[in-house]
Asker: 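Following this message is one structure expressed as structure tokens.
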Amino acid sequence: MSPALVLEVQTICKEDELVESHKYHKGVKHLCERGLTKVPRKYILPALERPLLSKKDGATNLKLPIIDLAQLQGPDRIHALESLSKACEEYGFFQLINHGIASESVLEMIQAARKFFELPFEERSKYMSKDQSAPVRYGTSFNQNKDRVFCWRDFIKLNCHPLSDVLPFWPSSPAELRQAVVNYSKGTKSLYLMLAKAILESLGLVETEKNIDESDSCDLLKEFEDGSQLIVANCYPSCPEPDLTLGMPPHSDYGFLTLLLPDEEVKGLQIQHEGRWVTVEPIPNSFVVNVGDHLEIFSNGKYRSVLHRVLVNPSKSRISIASLHSLPFNSMIRPSPKLVNDANPRRYKDTDFATFIQYMASHEHKNKNFLESRRLSQLGDA
């Protein structure tokens with residue numbers, strides 16, 4: 001074959017790959033709507049990274065520690081704080097009950113998200129963007145610009161702070177989505193602030209007060225009040241070959257805390273616990289809460305973000321709603337000075353959201369690789 005012909009064949013192959021890749025960038029939902037009986041090659045994981053689905057569910061299910069918000073707000077707060085600290089240290093996850101958010105608000109949020117994903121592709125695609133800081137972004141996979149293998153997931157991400165600034169950019173269809181997200185985001189933000197204060201107390205950074213409703217909190221807590229919030233609605237369509245792919249690959253969350261509203265009917269969330277993958281058993285009317293990378297940095301490693309992933313289902317689609325919280329976008333995240341001493345030297349570099357976004361734009365997000373990039377190679381180095 002002549003060099004010119006080889007070059008022509010290579011060019012055609014590259015063009016075909018671009019066309020194929022562009023098709024997948026439209027999302028899993030778009031693919032499924034056109035009819036699928038097999039998982040496309042772009043979504044097939046290497047053999048060692050595939051989920052093992054042959055074991056019986058009962059042998060791999062996990063009941064997370066339960067934190068009762070009513071106890072955190074009552075006379076038994078000290079014992080509840082001890083349980084919270086243990087859950088953050090040993091699991092990095094817990095289930096929150098008696099959270100106080102109205103069931104109507106939760107149901108409206110789920111229904112609005114489901115209706116959005118049921119919109120025609122032309123309507124959903126209006127919100128596709130490569131800008132990671134956009135006030136609204138519809139996309140697929142984890143990082144569709146860098147992922148070698150795509151994951152079986154579409155998402156809509158809505159920046160929620162400050163609401164007055166971002167609300168005009170949110171989708172106007174379905175008609176009920178904006179109000180549903182406003183109500184839900186306010187409820188989860190209030191819940192997050194209660195948990196953030198409890199975590200600060202459990203770390204010994206805020207004095208435990210007899211009157212827990214006292215409004216004049218410390219400067220540190222005020223920074224949390226003005227913190228970032230991102231609502232992410234995830235759609236995991238039913239998958240013809242769920243043993244070949246994942247809804248989300250193993251990863252840790254980058255923020256301070258994530259409040260996840262899982263699909264109570266379709267299990268899928270797994271966490272890595274004691275060296276194995278275990279499926280979380282959701283409790284009705286509860287949130288699954290997990291430690292993020294920023295809290296691991298802030299606590300200087302006392303509380304650790306934990307790897308988790310999402311399985312897909314062969315017959316049912318799955319919807320989950322994540323509310324991700326951290327400090328303001330312009331804040332510098334660093335280990336709390338009160339938690340750094342000779343016995344526990346500083347373990348992480350300072351970081352901020354700009355560093356995270358730059359990293360995400362240029363790297364495939366796998367496991368805890370962003371957090372590892374912030375870890376000090378030599379104790380004492382900044």
Asker: Anything under 30° is parallel, anything over 60° is perpendicular, the rest tilted; go ahead and classify Y254 against H294.
Answerer: perpendicular
Asker: If every non-hydrogen atom of L311 is compared with every non-hydrogen atom of P51, which pair is closest and at what distance?
Answerer: CD2-CB, 3.6 Å
Asker: Considering non-hydrogen atoms only, spot the tightest contact between W152 and C32 and give its length.
Answerer: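 Shortest heavy-atom separation between W152 and C32 comes out as CZ2-SG, 3.8 Å.
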Asker: State whether the side chain of N344 and the backbone N or O of L339 hold a donor-acceptor pair below 3.5 Å, judged by distance alone.
Answerer: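 Yes; at least one donor-acceptor contact below 3.5 Å.
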Asker: Considering only NZ, NE, NH1 and NH2 on the basic side and carboxylate oxygens on the acidic side, decide whether K29 and E33 come within less than 4.0 Å.
Answerer: yes
Asker: Using a strict cut-off of less than 4.0 Å between a Lys/Arg side-chain nitrogen and an Asp/Glu carboxylate oxygen, indicate whether R304 and E296 qualify as a salt bridge.
Answerer: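 Looking at E296 together with R304, the answer is yes, because their closest N to O distance falls below 4.0 Å.
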Asker: Ignoring hydrogens and angles, tell me if any N or O in the side chain of S190 forms a donor-acceptor pair with the backbone of K186 under 3.5 Å.
Answerer: no
Asker: May I ask you to test the V306-N290 pair for a side-chain heavy-atom distance under 4.5 Å?
Answerer: no
Asker: Check whether any side-chain N or O of D154 sits under 3.5 Å from a backbone N or O of Y236 as a donor-acceptor pair, and report yes or no.
Answerer: no
Asker: Are the side chain of S228 and the backbone of L327 linked by a donor-acceptor contact shorter than 3.5 Å?
Answerer: yes
Asker: Taking the side chain from E264 and the backbone from N285, do they hold a donor-acceptor pair closer than 3.5 Å?
Answerer: yes
Asker: With a 6.0 Å cut-off (strictly less than), is the heavy-atom count around CD of E265, excluding the residue itself, greater than 12?
Answerer: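 Count not over threshold, so no.
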Asker: Measure the spacing between OG of S83 and CD1 of I78 and express it to the nearest 0.5 Å.
Answerer: 12.5 Å
Asker: Under the 3.5 angstrom rule, does the side chain of S252 hit a backbone N or O of L307 as a donor-acceptor pair?
Answerer: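 No, S252 side chain to L307 backbone: no donor-acceptor pair under 3.5 Å.
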Asker: Can any side-chain N or O of K368 pair as donor or acceptor with the backbone N or O of S305 at less than 3.5 Å?
Answerer: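 Between the backbone of S305 and the side chain of K368 there is a qualifying donor-acceptor contact (under 3.5 Å).
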Asker: Would the F298 and Y303 ring centres measure less than 6.0 Å apart?
Answerer: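 That pair fails the under 6.0 Å test.
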Asker: When you measure from the side chain of R374 to the backbone of K349, do you find a donor-acceptor pair of N or O atoms at a distance under 3.5 Å?
Answerer: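 Pair absent, no side-chain N/O of R374 close to backbone of K349.
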Asker: Looking at CD of Q95 and CG of D68, how far apart are the two atoms once the value is rounded to the nearest 0.5 Å?
Answerer: 12.5 Å
Asker: Between H251, R318, Q270, K267, which is the residue that forms a side-chain contact (heavy atoms from CB on, under 4.5 Å) with V310?
Answerer: R318
Asker: With rounding to the nearest 0.5 angstrom, report the CZ to CG distance, F256 to L295.
Answerer: 4.5 Å
Asker: Rounded to the nearest 0.5 Å, how far apart are CZ of R375 and CD1 of I297?
Answerer: 9.0 Å
Asker: Under 3.5 Å, side chain of R346 to main-chain N/O of Y348, donor-acceptor pair present?
Answerer: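 A pair under 3.5 Å: yes.
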Asker: CD/Q272 to CH2/W277 distance, rounded to the nearest 0.5 angstrom?
Answerer: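 The CD atom of Q272 sits 4.5 Å away from the CH2 atom of W277.
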Asker: Do H25 and F150 have their ring centres less than 6.0 Å from each other?
Answerer: yes
Asker: For a salt bridge (charged side-chain N to carboxylate O under 4.0 Å, His left out) check, start with the C-alpha distance between E118 and R114, then their side-chain angles and the critical distance, and finish with the verdict.
Answerer: CA-CA 6 Å; E118 290 171 353; R114 184 170 281 115; 5.1 Å; no
Asker: Determine whether the aromatic ring centres of residues H325 and Y192 are separated by less than 6.0 angstrom.
Answerer: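 Close enough - the centres of the two rings lie under 6.0 Å apart.
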Asker: Please lay out, stage by stage, how N330 and D352 fare under the test side chain to side chain donor-acceptor pair (under 3.5 Å).
Answerer: CA-CA 7 Å; N330 58 357; D352 56 15; over 6 Å; no
Asker: Taking the six-membered ring of F155, is the NZ or CZ of K157 close enough (under 6.0 Å from the centre) and on axis enough (within 45°)?
Answerer: yes
Asker: Less than 4.0 Å between a side-chain N and a carboxylate O, is that true for E82 and K86?
Answerer: no
Asker: Any idea which heavy atoms bring P171 and L158 closest together, and the distance?
Answerer: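 Closest pair (atom of P171, atom of L158, distance): CD-CD2, 3.8 Å.
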Asker: Minimum heavy-atom separation for L269 and V288, please, with both atom names.
Answerer: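 Closest approach of L269 to V288: CD2-CG1, 4.0 Å.
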Asker: Please confirm whether the ring centroid of F356 lies under 6.0 Å from the ring centroid of F370.
Answerer: yes
Asker: Show your reasoning for whether side-chain contact (heavy atoms from CB on, under 4.5 Å) applies to N61 and V278.
Answerer: CA-CA 5 Å; N61 287 3; V278 287; over 6 Å; no
Asker: Test of understanding: clusters of I, L, V, M, F, W, Y form through side-chain heavy atoms closer than 4.5 Å, transitively. Do I44 and L31 belong to the same one?
Answerer: yes
Asker: Can you name the nearest heavy-atom pair linking V312 to C239, along with the distance?
Answerer: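 Scanning both residues, the minimum pair turns out to be CG2-CB, 3.7 Å.
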Asker: Nearest 0.5 Å please: distance from the CD atom of Q71 over to the CZ atom of R77.
Answerer: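 Reported value, rounded in 0.5 Å steps: 12.0 Å.
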Asker: Ring centres of F169 and Y127 under 6.0 Å apart?
Answerer: no
Asker: Just by modelled atom types, is the E122 backbone N or O under 3.5 Å from a matching donor or acceptor in the S125 side chain?
Answerer: yes
Asker: Do the two ring centres, one from Y24 and one from H30, sit under 6.0 Å apart?
Answerer: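 No; H30 has its ring centre 6.0 Å or more from that of Y24.
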Asker: At their closest point, which heavy atom of V291 faces which heavy atom of L257, and how far apart are they?
Answerer: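 Scanning both residues completely, I find the closest heavy atoms to be CA-CD2, 4.2 Å.
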